[in-house]
Amino acid sequence: MAISSHPEAVPGPVGSENLPQHRLPMPDGGFLLTKLEALLNWARANSLWPLTFGTSCCAIEMMSTGASRHDWSRFGFEVARATPRQADMIVVAGTICFKMASRLRLLYRQMPEPKWVLAMGACAVSGGPFYYDSYSVVKGVDKIIPVDVYLPGCPPRPEALLHALMVLQDKIKLEAATRRAPRPLPDFPFEHQVLEPEKDFSAR
Amino acid sequence: MSTVPASPAPAPAPNLDLKLAALRDEGQPILGPAAVFELSGKLPAFRIEATDLHAASRKLRDAGFDYLLLATATDHPAENRFEMVYVLTNFSDAREIALVTNVNRNDPVIETVSDIWETADWHEREVYDLFGIRFTNHPDLRRILLDDTWEGHPLRKDYADKVHNVIKRPY
Amino acid sequence: MNVLAPTVPSATPTYDDYFINMGPQHPSTHGVLRLVVKLAGETVLGVTPHMGYVHRGIEKMGEAQTAVQFTHLTSRLDYLSAHINNWGWVMAVEQALGIQVPERAEYIRVLMSELTRIASHQLWWGVFGMDLGAFTPFLYGFRDREKINDIFEKTCGTRLTMNYLCIGGVTEDLEEDFEKDTREFVAYFRPLIEEYEQLLSGNIIIQERTKGVGLLPPELAKSFGVTGPSLRASGVDYDVRKNHPYGVYDRFQWKTAVSDGCDSWARYLVRLEEMRQSLKIIEQALDQMPKEGPVRAKTPNVIRIPPGRYLSRVEAARGEIAFYLVGDGKPIPYRVKIRSPGFSNLSAIPHIIKGWRVADIVTVLSTFDVVIPDIDR
Amino acid sequence: MDIFYLFFIALTGVVYVLGAFFVSRLIAPNYPDPVKNSPYECGEIAHGSAWTRFNVGYYIFALLFLIFDVEVVFLFPWAVVIKEVGIVALVEGGVFLCILVFGLVFAWRKGYLVWQ
């Protein structure tokens, strides 16, 4: 029973049928998994709560994936939380500009620890159609936050998003569940612009 | 880099179709002799001086053009000028007239029309944000799209951005 | 001082007003729009929108790409009316070059635009219900929207940002069973609008939260350049397809959905009515469409935009979108300005939300059907 | 004898709560980050302090909610035993509800249910 379509995935020693053993050389993950971690990873992988974060066109395809035909709650992603406190992963759906980059970084850092990022759409992967000649688009989200799964497409079809989520689930099932160190944040030179709401209302 | 002909011959093109001729005959008396009818392309426009922009807008507003479609600028660095364009139309038969003025590029200041059409408030803020043209007695002239800490005005032709790595298209 | 004596309420309120941030990441701002809201308890003293979080500089890119290449960016502006944006841009270039679009292509453009308008209103209706707390309309709306996506996918290849309209007409001819699918869809969807009415319009909570909320007087709407269903709900009968007809829209018999309720409830009903009118247009377009003929005019190999100013105006799902194009004889336009409906519609919201409660901001924002990349460009 | 059951119920409650904390401390990764504890304001850095004087309307709504919530808490055990006790419990419940309905009508008339 091949869990993921990963070429080098070698089925490990026979575990119980719904808690498969897996041996795959992972740079930062354990090599041979113990029972408890498999159980934890299996539980986490099948109940990932995405943060509602959509900036542009890919958000519509993400909503279509959440709607009735391509229902993603079959795989445990249904509960899209609005606050980062209760979210496990961010589906970065859409273009990220320099003004939004520091906000996205803050949202990522406000999420509790086992957290993952899925860069959905060409804009999030590499700046997409706005790679050339655009002065305000960050060329790829991995310059702001560490990304786990890249999903090309402009916008990617809902089935493509579902496949990317399954690849993310496979990745989670291979990681060391307990002592998973947070991934280092790439250095991003643009600091957060401080708010002055009084200025907004002084003019009027 | 060839630029838009600054002021083509005011003589209207021979094949000026009826609709444009009607617009010209309607707009000319309202705006008076100061406005030069200019048909460059397909948009009927009246070129006026920046100083009497506000008066001309007021006259057109009272003459029934109650809908400012868009207010924007075009950068002509060769002739050291910004060309401000105000496209006016109305909500009944939607015929459109453009007011075109020139603003000196070194000290771009022009009077606001946001007291005539309130939609101009945000359009002018965007022009200030992306071109750097200041609008006198505008209620709240601040950047609207870019970060307040952004240096430079991106839509100028000579905008060079060292901070946000702008990758030029190779072909 | 007698403790039981009734204390006269002090003139100045005994509480401070404070600011809250309906910030870039907020479920009800339909994208990344930040509203700084000044509150006194629950009542709103003032709202200041902050945009630019998804400002991609499309107008600057227009000065670095040829007119043909720029078409794909226009469908990413207001991605819910992708066809209509393409049509606006393509019409501007055709006006500049004086290209005459063949008859069949004109009808295909009308069909695609009206289908896009229905799909956009379906999504709006679903998200409007979700904003007011009812999750079922979201599923109903997207279920019917998938039918339109199938039709688009068969003809144009993609579901959302189709690049189907091109300079001179349409890139490909229609799928052979396009007409069958579309007629099936019209027959399938017409009774469903009544179902939409039953599901939401009859609901007392929706009526309570939208009737009389967010009054947009016609004069204010005109002065702020509000267009589209939000303007027609304030009693101003202005629709670019009727007042400034383009393409073959003047050959169809339909009426614009106008209501002079001026409130969120009127905006809600106007959009439902607009879906019915779009169905009527689609039927008439299918009947009158020439069965065969070229779908694309002959265009020069290198499309150079002659010097001058050109303007095209099109009625998108959210309002009037206009493309102002300045050419200088080169294939790359000299200046591209996109007049987006959302930009002007949003500028009216701070003036009509004063005095209402925090929950009404969500209602007004949702009935204005705001799409953020359309505002920021 | 039923003291033992009472003790047993209390025990499972305590074990259940403490167990949850203990397991999460054992398994959940714990990497505190000053930004992670900063208040969430839709992606922006929080501005100003939340320690402001609030409108009195909130207090009234909270009070009304508390009253009717506690009322429901009383009704649950009452509903369980109403069959054995019979008519007397019904009458007492009715009186209890009437008093509270009278309170609701008073609040309604005074206009506290509508936000000023």
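Every heavy atom of this structure was used, including side-chain atoms; hydrogens, water molecules and symmetry mates were not. All chains are named by letter (A, B, ...) in the order of the sequence lines, taking the proteins before the strands, and each is independently numbered beginning at 1.
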At a 4.5 Å cut-off on heavy atoms, which part of C/I305 comes close to chain B: side chain, backbone, both, or neither?
neither
Which distance, rounded to the nearest 0.5 Å, do you find between the CD of B/E126 and the CZ of C/F343?
4.5 Å
Side chain to side chain, C/Y324 and B/V85, heavy atoms closer than 4.5 Å:
yes
When C/K242, C/E320, C/R313 are compared by non-hydrogen pairs under 4.5 Å with chain B, the top option
C/R313
What part of C/V240 gets closer than 4.5 Å to chain B, counting heavy atoms only: side chain, backbone, both or neither?
neither
Is any side-chain heavy atom of C/Y334 less than 4.5 Å from a side-chain heavy atom of B/H76?
yes
Is there a side-chain contact between C/H50 and B/I144 in this structure, where contact means two heavy atoms from C-beta onward sitting under 4.5 Å apart?
no
Which atoms of B/D75 approach chain C - backbone, side chain, both or neither, heavy atom under 4.5 Å:
backbone
Taking the side chain as C-beta and beyond, is there a heavy-atom pair between C/H244 and B/R95 under 4.5 Å?
no
Working note: C/R309 + B/E38, criterion side-chain contact (heavy atoms from CB on, under 4.5 Å); need CA distance, chi angles, decisive distance, verdict.
CA-CA 11 Å; C/R309 304 183 198 93; B/E38 172 188 296; 2.6 Å; yes
Do you know the tightest heavy-atom contact between B/H123 and C/S344?
NE2-OG, 3.6 Å
Cut-off 3.5 Å, side chains only: do B/T72 and C/R335 have a donor facing an acceptor?
yes
B/S114, B/A45, B/A73: which one forms the most heavy-atom pairs within less than 4.5 Å of chain C?
B/A73
Are there more than 12 heavy atoms of other residues, nucleotides or ligands under 6.0 Å from atom CD of B/E49?
no
Taking atom CG of B/N106 as the centre, report whether more than 12 heavy atoms of other residues, nucleotides or ligands fall under 6.0 Å from it.
yes
Any carboxylate oxygen within less than 4.0 angstrom of a Lys/Arg side-chain nitrogen, looking at B/K157 and C/E63?
yes
Any C/H55 side-chain heavy atom under 4.5 Å of B/L130 side chain
yes
Rounding to 0.5 Å, atoms CH2 (B/W117) and NZ (C/K222) come to a distance of 14.5 Å
At a heavy-atom separation under 4.5 Å, does B/N90 approach chain C through its side chain, its backbone, both, or neither?
backbone
Please identify, among B/K42, B/R61, B/K168, the residue contributing the most non-hydrogen atom pairs under 4.5 Å to chain C.
B/K42
Would you please classify the geometry between the C/Y238 ring and the B/F91 ring as parallel, tilted or perpendicular, with 30° and 60° separating the classes?
perpendicular
Which bit of C/K337 is near chain B, if near means a heavy-atom gap under 4.5 Å: side chain, backbone, both or neither?
side chain
Would you check if C/L311 and B/L70 make a side-chain contact, meaning some heavy-atom pair closer than 4.5 Å?
yes
Counting heavy-atom pairs under 4.5 Å to chain C, which of B/D66, B/L69, B/D129 comes out on top?
B/L69
Which heavy atom of B/S40 sits nearest a heavy atom of C/G308, and at what distance?
OG-CA, 3.2 Å
Contact class of C/L346 relative to chain B, heavy atoms under 4.5 angstrom:
both
I want to check something: taking the side chain as every heavy atom from C-beta on, are C/P49 and B/W122 in contact at a cut-off of under 4.5 Å?
yes
Side chain, backbone, both or neither: which part of C/Q69 has an atom under 4.5 Å from a heavy atom of chain B?
side chain
Most heavy-atom pairs under 4.5 angstrom with chain B, which of C/S347, C/G98, C/G57?
C/S347
Return yes if a side-chain donor-acceptor contact under 3.5 Å exists between B/E118 and C/H351, otherwise no.
no
Under 3.5 Å, is there a donor-acceptor pair between the side chain of C/N243 and the main chain of B/S92?
yes
